[in-house]
Amino acid sequence: MHGPRLLVHTSAQPIRFGDMDALGHVNNTVYFRFMEQARVDWFYTVTDGRGYAGEQGPVIVNASCNFLVPLVYPGDVEVRMYLGSPGRSSVGSYYDFTLGGRKYADGAAKIVWIDLGTGRPVPLPDAVSAPLRALASPPHP
């Protein structure tokens with residue numbers, strides 16, 4: 001079970017016919033692309049549209065997905081992206097995949113913020129960490 005999470009982005013993504021595999025459902029690898037697209041869309045929002053044009057940015061150090069019910073063509077899957085309590089240079093991201101109000105899968109990926117020139121970790125930017133600080137500390141009575 002995850003700790004507290006903050007919803008940071010929601011996207012509707014089309015299931016393409018080419019996403020299907022020989023078993024008649026969306027191939028498992030496509031779920032990671034759905035997570036990637038949600039994460040990239042969120043990142044462009046956090047950077048006011050600059051994306052990777054700056055000196056720092058996110059990389060993924062691990063990713064996982066739990067497949068609950070197979071997705072099939074056609075349809076638009078809603079991908080909700082959440083972030084957990086931040087570390088110094090990393091934060092956990094979590095994803096829920098729904099279609100028609102039903103949950104089909106969930107996933108996670110650890111995001112590490114790096115200097116794009118050196119590849120070394122750097123502190124999370126304030127635009128990412130500020131909304132998450134309340135998750136890291138319990139509310140005061």
Side-chain angles (χ1 to χ4, degrees), residues 1-140:
M1 185 70 191
H2 315 289
R5 305 184 311 173
L6 177 67
L7 178 64
V8 294
H9 185 75
T10 301
S11 66
Q13 300 181 41
I15 298 170
R16 301 168 304 173
F17 181 76
D19 293 337
M20 304 285 281
D21 62 17
L23 298 175
H25 57 73
V26 171
N27 187 280
N28 293 359
T29 62
V30 176
Y31 292 75
F32 291 92
R33 293 228 171 142
F34 288 146
M35 286 189 276
E36 174 187 55
Q37 189 62 53
R39 199 168 41 249
V40 167
D41 291 346
W42 163 79
F43 177 55
Y44 272 77
T45 300
V46 167
T47 61
D48 295 323
R50 291 186 320 275
Y52 287 91
E55 296 177 4
Q56 300 176 352
V59 294
I60 302 305
V61 296
N62 65 37
S64 63
C65 191
N66 299 304
F67 308 99
L68 308 173
V69 179
L71 285 168
V72 295
Y73 175 88
D76 289 327
V77 62
E78 183 177 84
V79 181
R80 291 187 194 109
M81 178 182 171
Y82 302 85
L83 293 178
S85 298
R88 185 188 81 79
S89 61
S90 67
V91 64
S93 63
Y94 307 95
Y95 308 83
D96 285 337
F97 301 81
T98 60
L99 194 146
R102 182 177 187 186
K103 186 173 176 178
Y104 282 74
D106 59 59
K110 185 173 183 180
I111 299 171
V112 175
W113 223 262
I114 64 165
D115 178 298
L116 296 172
T118 66
R120 300 294 305 157
V122 296
L124 291 170
D126 196 50
V128 174
S129 62
L132 302 173
R133 286 191 192 117
L135 297 177
S137 59
H140 298 290

Notebook entry, point to check: Stepwise, does the side-chain contact (heavy atoms from CB on, under 4.5 Å) test hold for Glu78 with Thr10?
Noted result: CA-CA 7 Å; Glu78 183 177 84; Thr10 301; 3.6 Å; yes
Item checked: Interatomic spacing from CG in Leu71 to CG in Asn27 - rounded to 0.5 Å -> 11.5 Å
Note to self: Treating Ser93 as the side-chain partner and Ala109 as the backbone partner, does any N or O pair qualify as donor plus acceptor under 3.5 Å?
What the structure shows: yes
Notebook entry, point to check: With distance as the sole test, does Ser90 use its side chain to make a donor-acceptor pair with the main-chain N or O of Pro86 at under 3.5 Å?
Noted result: no
Margin query: Quick check for you: to the nearest 0.5 Å, what is the distance between Thr45 atom OG1 and His9 atom NE2?
Written below: 6.0 Å
Notebook entry, point to check: Ring centres of Phe43 and Trp113 under 6.0 Å apart?
Noted result: yes
Note to self: Within the 4.5 Å heavy-atom criterion, are Asp76 and Ile15 side-chain neighbours or not?
What the structure shows: no
Margin query: What I'd like to find out is whether the side chain of Arg39 reaches to under 4.5 Å of the side chain of Tyr95, using heavy atoms alone.
Written below: yes
Check: So does Glu55 have more than 12 non-hydrogen atoms from other groups sitting under 6.0 Å from CD?
Finding: no
Note to self: I want to check something: taking the side chain as every heavy atom from C-beta on, are Val26 and Tyr104 in contact at a cut-off of under 4.5 Å?
What the structure shows: no
Check: Atom CD1 in Ile111, atom CG in Leu83: separation rounded to 0.5 Å?
Finding: 5.5 Å
Checklist line | Non-hydrogen side-chain atoms of Asp126 and Arg133 separated by less than 4.5 Å | finding: yes
Check: So, for Gly87 and Leu124, which heavy atoms are closest and what is the spacing to 0.1 Å?
Finding: O-CD1, 3.5 Å
Note to self: Working note: Val77 + Thr98, criterion side-chain contact (heavy atoms from CB on, under 4.5 Å); need CA distance, chi angles, decisive distance, verdict.
What the structure shows: CA-CA 6 Å; Val77 62; Thr98 60; over 6 Å; no
Check: Heavy-atom distance under 4.5 Å between the side chains of Val91 and Leu132, does that happen here?
Finding: yes
Next item on the list: May I ask you to check whether over 12 heavy atoms, not counting those of Arg33, lie within 6.0 Å of atom CZ?
Entry: no
Item checked: For the student: nearest non-hydrogen atoms of Lys103 and Val69, plus distance -> O-CG2, 4.2 Å
Notebook entry, point to check: Would a distance-only check, ignoring hydrogens and angles, find a side-chain to backbone donor-acceptor pair under 3.5 Å from Ser11 to Gln13?
Noted result: no
Checklist line | Positive for side-chain contact (heavy atoms from CB on, under 4.5 Å) with Val122, one of Val112, Asp115, Ile114 | finding: Asp115
Margin query: Would you say that Leu6 contacts Pro131 through its side chain, given a criterion of any heavy-atom pair below 4.5 Å between the two side chains?
Written below: yes
Notebook entry, point to check: Does Met35 reach the side chain of Phe97, with side-chain heavy atoms less than 4.5 Å apart?
Noted result: yes
Checklist line | Minimum heavy-atom distance between Cys65 and Phe32, given as atom pair plus value | finding: CB-CZ, 3.8 Å
Check: What pair of heavy atoms forms the shortest contact from Met81 to Trp42, and how long is it?
Finding: CE-CE3, 3.6 Å
Next item on the list: Flag the pair Arg80 and Asp106 as a salt bridge only when some basic side-chain nitrogen lies within less than 4.0 angstrom of an acidic carboxylate oxygen.
Entry: no
Notebook entry, point to check: Hey, does the side chain of Arg50 reach the backbone of Thr47 with a donor-acceptor pair shorter than 3.5 angstrom?
Noted result: yes
Notebook entry, point to check: Hey, does Asp19 have a side-chain heavy atom less than 4.5 Å from the side chain of Phe34?
Noted result: yes
Margin query: Tell me whether the rings of Tyr31 and Phe67 are parallel (<30°), tilted (30 to 60°) or perpendicular (>60°).
Written below: perpendicular
Next item on the list: State, to 0.1 Å, how close Tyr94 and Ala108 come at their nearest heavy-atom pair, and which atoms those are.
Entry: CD2-CB, 3.8 Å
